Protein chains: 2
Amino acid sequence: MATSRRSSTPLSRERILDAAQAIVLAEGASALSMRRVAAELGTGAMSLYNHVRDKEALQVGLAERVLAQVEVPVGASRHELCATWTRSVRRTLLANQPILPIILSVPRRSALGEIGRLLGGALMATGMAERDARDITAVLGRYIAGSLVFEGAASRRGDVDADELDRTFELGLDALLGGLEAVLTREPEPAPTEA
Amino acid sequence: MATSRRSSTPLSRERILDAAQAIVLAEGASALSMRRVAAELGTGAMSLYNHVRDKEALQVGLAERVLAQVEVPVGASRHELCATWTRSVRRTLLANQPILPIILSVPRRSALGEIGRLLGGALMATGMAERDARDITAVLGRYIAGSLVFEGAASRRGDVDADELDRTFELGLDALLGGLEAVLTREPEPAPTEA
DNA sequence: ACCTGAACACCGTTCAAGT
DNA sequence: ACCTGAACACCGTTCAAGT
């Protein structure tokens with residue numbers, strides 16, 4: 001009886017997030033409840049509230065953990081930066097599929113905005129105008145989010161032809177980047193001289 | 001006291017869906033519960049189960065109602081068919097924003113697949129190969145779904161610059177259709193003669 | 001066939017009491 | 001400061017009993 005859960009390590013936000021993540025990955029987002037997490041940790045539900053404001057804060061924490069895994073985009077060209085970022089976001093979120101409904105439902109701005117800034121920053125570092133960088137990030141973000149919704153549904157339905165899903169995703173990504181070529185190659189107006 | 005709710009018209013799937021829809025539109029998807037719907041109709045929760053298998057079936061019914069409003073796409077060219085269908089789906093779902101989380105979470109295949117077939121059918125009627133029609137529908141569907149996720153989040157957050165959201169959406173749609181031009185203009189292989 | 005109350009197994013969270 | 005039991009106001013659904 002090595003792993004008795006009762007009052008071993010003290011409760012902490014980290015341990016609570018660990019337990020929550022394990023539950024969601026094993027049993028799906030709908031299995032996540034304060035009481036269930038507490039049971040997993042050998043306490044009562046109310047003990048969690050010393051480390052986490054409420055259930056939503058716990059969900060935000062879960063989302064942040066996943067989104068923090070997205071790598072900063074690399075690539076020689078803007079086109080390549082966009083392609084690698086888009087694939088990286090999709091891959092990361094696909095590897096955490098059961099958490100996806102939580103990520104998509106949790107208040108934006110926080111973590112999802114953060115990963116957008118990864119691409120936006122990389123594009124602006126190539127001299128792209130801020131507005132163009134924001135537009136491109138927004139459009140690619142929408143395409144990724146929609147793809148994940150469909151792919152999540154497909155896998156929940158059990159009909160997962162991963163190759164076919166990959167092919168469709170790449171087809172759309174190609175089309176998008178092709179269609180955005182004009183924006184991708186546009187140089188910013190030189191800053192107007194004051195006088 | 002004209003509108004007493006008690007035992008007026010008999011319960012029916014239709015009346016239950018009406019009540020459910022009203023609740024979601026007024027108070028959001030999270031306010032939907034069997035007990036709440038029943039209360040609205042002046043009965044106990046269990047009476048609903050004579051007309052609706054369970055809560056999920058009720059949600060599917062709600063999703064189908066909204067998706068049934070999507071118009072069959074019209075347009076002289078394939079490009080135009082795609083553009084009007086995409087805008088029509090977005091417009092319809094945006095007009096029912098509070099129901100969107102339900103539509104996106106409910107098992108696919110049923111109603112969402114149906115509206116995809118509207119565009120797929122229209123494209124194939126122009127002589128497009130089935131596989132191309134499916135690809136285009138899939139990519140546009142992903143883009144719409146992702147856009148609605150972001151726009152729903154923005155409106156939940158209160159920062160809704162509708163014009164800016166429209167502009168971003170159109171920008172992505174343009175890019176997508178531009179990038180899909182090769183597929184859109186491709187004619188199907190002539191059916192190989194048997195001998 | 002349709003309705004429905006009681007009951008079961010759950011929720012998130014507040015509050016007051018403990019250490 | 002951290003923990004926690006009891007309690008409140010909810011859930012979806014089953015089951016047995018009614019008409």
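Quick note on labels: first sequence line is chain A, next is B, and so on, each numbered from 1. The shown structure was predicted, so the numbers you read here are calculated from the model rather than taken from an experiment.
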(Q) Check Arg91(A) with Glu151(A), please: is the shortest side-chain N to carboxylate O separation under 4.0 Å? (A) no
**Q.** Nearest-nucleotide comparison on DNA chain D, the residue closer to the 5′ end among Leu11(A) and Lys55(B)
**A.** Leu11(A)
**Q.** Atom-to-atom span, CE of Met34(A) to P of dT4(D) - whole angstrom
**A.** 14 Å
Q. Under a 3.5 Å cut-off for both distances, is dA7(D) Watson-Crick or wobble paired, and to whom?
A. dT13(C)
(Q) Taking Arg65(B) first and then Glu14(B), would you say they form a salt bridge - that is, a charged N and a carboxylate O separated by under 4.0 Å? (A) yes
Q: From the options dC11(D), dC3(D), dT13(D), select the nucleotide whose nearest atom is closest to the side chain of Asp54(B).
A: dT13(D)
Q) Counting side-chain heavy atoms from C-beta on, which of dG12(D), dT4(D), dT13(C) comes nearest to Ser33(B)? A) dG12(D)
Q) Contact class for Met46(A) (heavy atom, under 4.0 Å): base, sugar-phosphate, or nothing? A) base
Q. If you measure from the C1' atom in dA9(D) to the same atom in dC10(C), how many Å do you get, rounded?
A. 13 Å
Q) What pair of heavy atoms forms the shortest contact from Gln69(B) to Thr92(B), and how long is it? A) CB-CG2, 3.8 Å
Q: Determine, for Asp166(A) against Arg87(A), whether the closest basic-nitrogen to carboxylate-oxygen distance falls under 4.0 angstrom.
A: no
Q: State whether Tyr49(B) places a side-chain N or O below 4.0 Å from either non-bridging phosphate oxygen (OP1 or OP2) of dT13(D).
A: yes
Q. What is the nucleic acid contact for Ser47(B), judged by heavy atoms within less than 4.0 Å: base, sugar-phosphate only, or nothing?
A. base
